[in-house]
Amino acid sequence: MISIEDLRLAVTLARSESLSAAARTLNVSPPALSMRLRKLETRLGLTLANRDARRLSLTADGERFSRRSEEHTSELQSPSGS
C-alpha cells in the first residue's frame, strides 16, 4: 500500500537535485531517506531514481510516479477533496 508519505517522498525527489537536498526538505537523514526510497522501490517493483553521492535523477518510472504522486497529493490537499 502506498502512503501519503510515499507520495510526498516522490514529489520531493522530483524537486530535488540530490538525495541530501531531499532529505533536508523532509527533515530526515540521507541514510534514512535512502532506506525509505529502497523500500518504496521494492514494494513497487520499480527503480524510481538513479543516485550517487552528488546527483539524483529520476528514471522514466520515477518521473511517472512523481507526477501522479503530485496529482494525488494536490487532490488530497484541496478543500473540496476533488
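Every value quoted in this text rests on a predicted model; they were computed, and no experiment measured them. Residues take their numbers from the sequence shown, with the count starting at 1.
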Can you tell me how far the CG atom of Leu26 sits from the CZ atom of Arg8, to the nearest 0.5 Å?
9.5 Å
Among all residues two or more places apart in sequence or in another chain, which pass the salt bridge (Lys or Arg N to Asp or Glu O under 4.0 Å) test with Glu70?
Arg15
What distance do Leu40 atom CG and Asp6 atom CG have between them, rounded to the nearest 0.5 Å?
4.5 Å
Determine the minimum heavy-atom distance between Thr12 and Ser16, stating which atoms define it.
O-OG, 2.7 Å
Side-chain heavy atoms under 4.5 angstrom apart, residues restricted to Ile, Leu, Val, Met, Phe, Trp, Tyr: same cluster for Val11 and Ile4?
no
Report whether Leu33 and Ile2 are members of the same hydrophobic cluster (ILVMFWY, side-chain heavy atoms less than 4.5 Å apart, transitive linking).
yes
For Glu71, give me all partners under side-chain contact (heavy atoms from CB on, under 4.5 Å), at least two apart in sequence or on another chain.
Arg68
Output the distance between atom CG (Leu37) and atom CG (Leu19), rounded to the nearest 0.5 Å.
7.0 Å
Under the salt bridge (Lys or Arg N to Asp or Glu O under 4.0 Å) test, which residues partner Arg24, sequence neighbours left out?
none
Counterpart residues, side-chain contact (heavy atoms from CB on, under 4.5 Å), relative to Ser66 (two or more places apart):
Ala10, Ala14, Leu58
Looking at Ser34 and Pro30, would you say the former's side chain and the latter's main chain have a donor-acceptor pair under 3.5 Å?
no
Is the shortest side-chain N to carboxylate O distance from Glu41 to Arg38 below 4.0 Å?
no
Check whether more than 12 heavy atoms from other residues, nucleotides or ligands sit under 6.0 Å from atom CD of Glu17, and answer yes or no.
no
With sequence neighbours excluded, residues passing side-chain contact (heavy atoms from CB on, under 4.5 Å) with Leu56
Leu13, Ala49, Arg51
With a 4.5 Å heavy-atom cut-off, do Thr59 and Leu46 have their side chains touching?
no
Can you sort out the partners of Ser29 under side-chain contact (heavy atoms from CB on, under 4.5 Å), two or more places apart, ordered by chain and number?
Pro31, Ala32
